Trainee: 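Before anything else, here's the structure in question.
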Amino acid sequence: MQKKKGIAGEETIYQGAIYIRLSKEDGDKQESNSITNQRELIYGFLKNKPDIQVCRERVDDGYSGINFDRPGIKQLLEEVKAGEINCIIVKDLSRFGRNYIETGRYIQQIFPFLGVRFIAINDGYDSARLESRADNIILPFRNLMNDSYCRDISIKVRSQIEVRQRKGDYIGSFPVYGYFRDKEHKGRLIIDETAAAVVRDIFAMKIAGKNHKRIADYLNERGVPSPMEYKALLNWRYSTSFKLKPKAKWSAMAVERILKNEIYTGTMVQGKEKTLNYKVKKRIKVAKEDWIRVEDTHEPVISKEDFTLVQKLLLWDTRTSPKEQEVYLFAGLLYCGDCNEAMVRKKQRTGKKEYTYYMCSGNKKDKTVCNSHRIKENDLKEIVLKMLRIHVFLVCSLEGLLKAIKDLPLQEHEVKKRQGQLERRKEELLRIQKLKLSLYEDYKEGLLTKKDYMEMREDYETVCLEMEEAIRLLEEEIDSFVQGQSSHNNWIDHFKRAGNVTELSRSLLILTIDKILVFDNGIIRIHFRYQNEFAAAVRSLEEIAAEASNKSGMSEREHKALQSFLAAAREA
């Protein structure tokens, strides 16, 4: 603070700093609160203030006034503490801050203690004026109004964001790796084929048995830019605290994040995190059941089937040894047939030979609980390969058989069967409704007491509701079949991906098998994927075969092929 001699004596000269802030988060209007307009208004005000010499200008562009965690205001306050500044000029109180408690503490306690003059032009507040005592009474109310305004804006913004999320709009600052933001519709995602190809490779390698580190190493060895580096190549203004090195590389964690992201299936998943309130910026995790999920909002990179398969793999304990780059062939698939404990892989050396075998982990912990169910790995491979080849052959034969039976296709058969069930349900519902109506007549004629009438009516109403629900479900199933929207036979295409099975691989087992049970004496039972669907198709074909024996629905050759298939399916 300086003083100079004038006609009226000594006059205080203040070392002033102007502070400017703009934030869309606070609902600021660009026209009136722009950086340029604030600067012009402040300098216009200071033309008639010869006692204030502006020596600093601090600007926070794009920062909310909810808290004081802003680079410009931090720098300004440090200069105040250092004694370099003793006057602060702002357009209005809301520019300095919208937090009622913090703003009031600075203006009414800290600044007066440090001898700092504070001026808010539009609010007519100047702490150096004598009449400011009255302003001190009004000041807390103004700060409270600014705080409340900020709270209202925050609630409106949050509501608008949630509305957009529930519509399936993508609201992230940057599109997820593998997608671009649609230029015509910014809330929609379109596939970025370059990055999407990498995502597909990551999922394929996971299904093939590669661990996360090996996948990351594979991508780094081939010079594939990590998601962070890819954003930089696209000239996106992206920054993160995760970047520790000049060039970010693929990591096991980055691979896992991609494998767990459901957005690659065409489903928009948002609202995984939230802030506690408009003053606290720290983000907290939201329970998975409260996430906002909207299906089919954009084109998928990965099929839902493959994504579900990978999520299952991620739940398994399929760690690899330090010397291995892939998980073992049967990892996560092999279980004891008696105690259902996982089978563990062991190695044993006999002389110069070494062989690998599996044994029950339950027996390993406590020999009284279960038998060892020991089986050599080579024997297991041979049995599983044989059973898998038979099952894939049967599934492919099933598809050919369904296509061959043109006069009585399975879909038509299923529709007829459900239509018969639907007619019976409707007849039953009509009968129950008539009985329900007759109850009232019996009650009026004194054949039923009021208590009996109320109880029986309630029972009939419950039965009617159940019947109506059953009718609704049957009608939906029939519509699905008629419109060709049923995924009744989609599972067959899944097995066709196995192709001609000549040897076992990790990806082949994952695609086709859910679980392998090992019993004593080398007995194996395999639970194939879509086993229920396969069994349902076989039962339907058995019904077709029974009908065809009484009707001329199919040729003799087709009938023989059907009988041969059913015999093979029963034997398998």
Side-chain angles (χ1 to χ4, degrees), residues 207-210 309 312-313 315-321 324 326-350 353-365 367 369-399 491-492 494-535 537-538 564-572:
I207 292 173
K210 300 284 191 302
L309 182 59
K312 183 178 178 181
L313 292 177
L315 293 175
W316 289 347
D317 183 13
T318 51
R319 292 167 292 179
T320 57
S321 64
E324 298 290 337
E326 299 182 9
V327 298
Y328 294 122
L329 188 65
F330 295 105
L333 292 170
L334 212 56
Y335 293 86
C336 172
D338 290 327
C339 69
N340 208 35
E341 290 285 338
M343 301 288 285
V344 292
R345 189 176 188 269
K346 295 289 182 182
K347 285 188 176 182
Q348 183 170 324
R349 184 175 293 278
T350 304
K353 292 183 177 181
E354 184 181 74
Y355 72 92
T356 305
Y357 66 94
Y358 288 89
M359 67 174 294
C360 173
S361 61
N363 174 264
K364 184 183 175 185
K365 296 172 189 174
K367 290 185 170 28
V369 172
C370 191
N371 295 330
S372 66
H373 296 74
R374 183 177 298 202
I375 184 170
K376 290 182 180 179
E377 188 176 52
N378 288 337
D379 293 343
L380 180 64
K381 286 180 180 179
E382 185 179 341
I383 296 170
V384 171
L385 178 60
K386 182 179 179 181
M387 295 176 72
L388 181 57
R389 291 179 69 177
I390 292 172
H391 190 76
V392 171
F393 171 77
L394 286 173
V395 172
C396 292
S397 299
L398 175 65
E399 183 191 37
W491 61 274
I492 296 178
H494 181 82
F495 276 93
K496 286 170 66 179
R497 291 169 62 183
N500 184 25
V501 181
T502 56
E503 61 178 351
L504 295 181
S505 66
R506 177 69 180 173
S507 57
L508 176 63
L509 294 181
I510 294 302
L511 283 169
T512 57
I513 294 175
D514 271 333
K515 199 174 190 180
I516 302 173
L517 299 177
V518 180
F519 296 87
D520 277 332
N521 302 320
I523 298 174
I524 305 295
R525 183 182 298 161
I526 299 179
H527 287 232
F528 290 101
R529 296 191 69 197
Y530 303 104
Q531 194 151 306
N532 291 337
E533 286 81 353
F534 177 79
V538 171
S564 297
F565 168 81
L566 292 174
R570 293 187 196 102
E571 186 178 342

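The chain is numbered in sequence order, starting from 1. Bear in mind the structure is a predicted one, so any value in this text is a computation, not a measurement.
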Trainee: Heavy-atom distance under 4.5 Å between the side chains of Leu517 and Ile524, does that happen here?
Mentor: no
Trainee: For a quick test of reading the model, state the closest non-hydrogen atom pair linking His373 to Cys360 and the distance between them.
Mentor: ND1-CB, 4.4 Å
Trainee: Would you give the length of the straight line joining atom CG of Leu508 to atom CG of Leu329, rounded to the nearest 0.5 angstrom?
Mentor: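 Output value for this atom pair is 9.0 Å.
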Trainee: Quick one: list whatever passes side-chain contact (heavy atoms from CB on, under 4.5 Å) with Arg389, sequence neighbours left out.
Mentor: Leu385, Val501
Trainee: Taking all atoms of both residues into account, what is the closest heavy-atom pair of Met343 and Ser372, and its distance?
Mentor: CE-O, 4.3 Å
Trainee: For Lys364, I'd like to know if atom NZ has over 12 heavy atoms of other residues, nucleotides or ligands within 6.0 Å.
Mentor: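 No, NZ of Lys364 has 12 or fewer neighbouring heavy atoms, counting only those of other groups under 6.0 Å.
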Trainee: Could you state the interatomic distance from OG1 (Thr512) to CZ (Arg529), rounded to the nearest 0.5 Å?
Mentor: 8.5 Å
Trainee: Is there a side-chain contact between Leu388 and Ile526 (heavy atoms, below 4.5 Å)?
Mentor: no
Trainee: Please say whether more than 12 non-hydrogen atoms of neighbouring residues, nucleotides or ligands are located less than 6.0 Å from CD in Glu354.
Mentor: yes
Trainee: Please check if the side chain of Glu382 supplies one atom and the backbone of Asp379 the other of a donor-acceptor pair under 3.5 Å.
Mentor: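 Absent.
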Trainee: Quick one: CG on Leu380 to CG on Leu334, what's the gap to the nearest 0.5 Å?
Mentor: 5.5 Å
Trainee: Give the minimum heavy-atom separation between Asn363 and Asn371, together with the two atoms involved.
Mentor: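 Taking every non-hydrogen atom into account, CB-O, 3.4 Å.
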Trainee: Mind checking the CG-CG spacing from Leu509 to Leu504? Nearest 0.5 Å is all I need.
Mentor: 5.5 Å
Trainee: What distance separates Gln348 CD from Arg374 CZ, expressed to the nearest 0.5 Å?
Mentor: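 Answer rounded to 0.5 Å: 5.5 Å.
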Trainee: Main chain of Val344, side chain of Ser361: is a donor-acceptor contact present, judged purely on distance under 3.5 Å?
Mentor: no
Trainee: With a 6.0 Å cut-off (strictly less than), is the heavy-atom count around NZ of Lys312, excluding the residue itself, greater than 12?
Mentor: yes
Trainee: Do the ring planes of Phe330 and Tyr358 sit parallel (below 30°), tilted (30 to 60°) or perpendicular (above 60°)?
Mentor: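 Phe330 and Tyr358: perpendicular rings.
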Trainee: Between Gly522 and Ile375, which heavy-atom pair has the shortest distance, and what is it?
Mentor: CA-CD1, 4.4 Å
Trainee: Can you tell me how far the NZ atom of Lys515 sits from the OH atom of Tyr335, to the nearest 0.5 Å?
Mentor: 6.0 Å
Trainee: I'd like to know if the side chain of Arg506 and the backbone of Ala331 have a donor-acceptor N/O pair within less than 3.5 Å.
Mentor: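 Judged by distance alone, yes, a pair lies under 3.5 Å.
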Trainee: Taking the side chain as every heavy atom from C-beta outward, state whether Thr356 and Lys346 have any atom pair closer than 4.5 Å.
Mentor: no
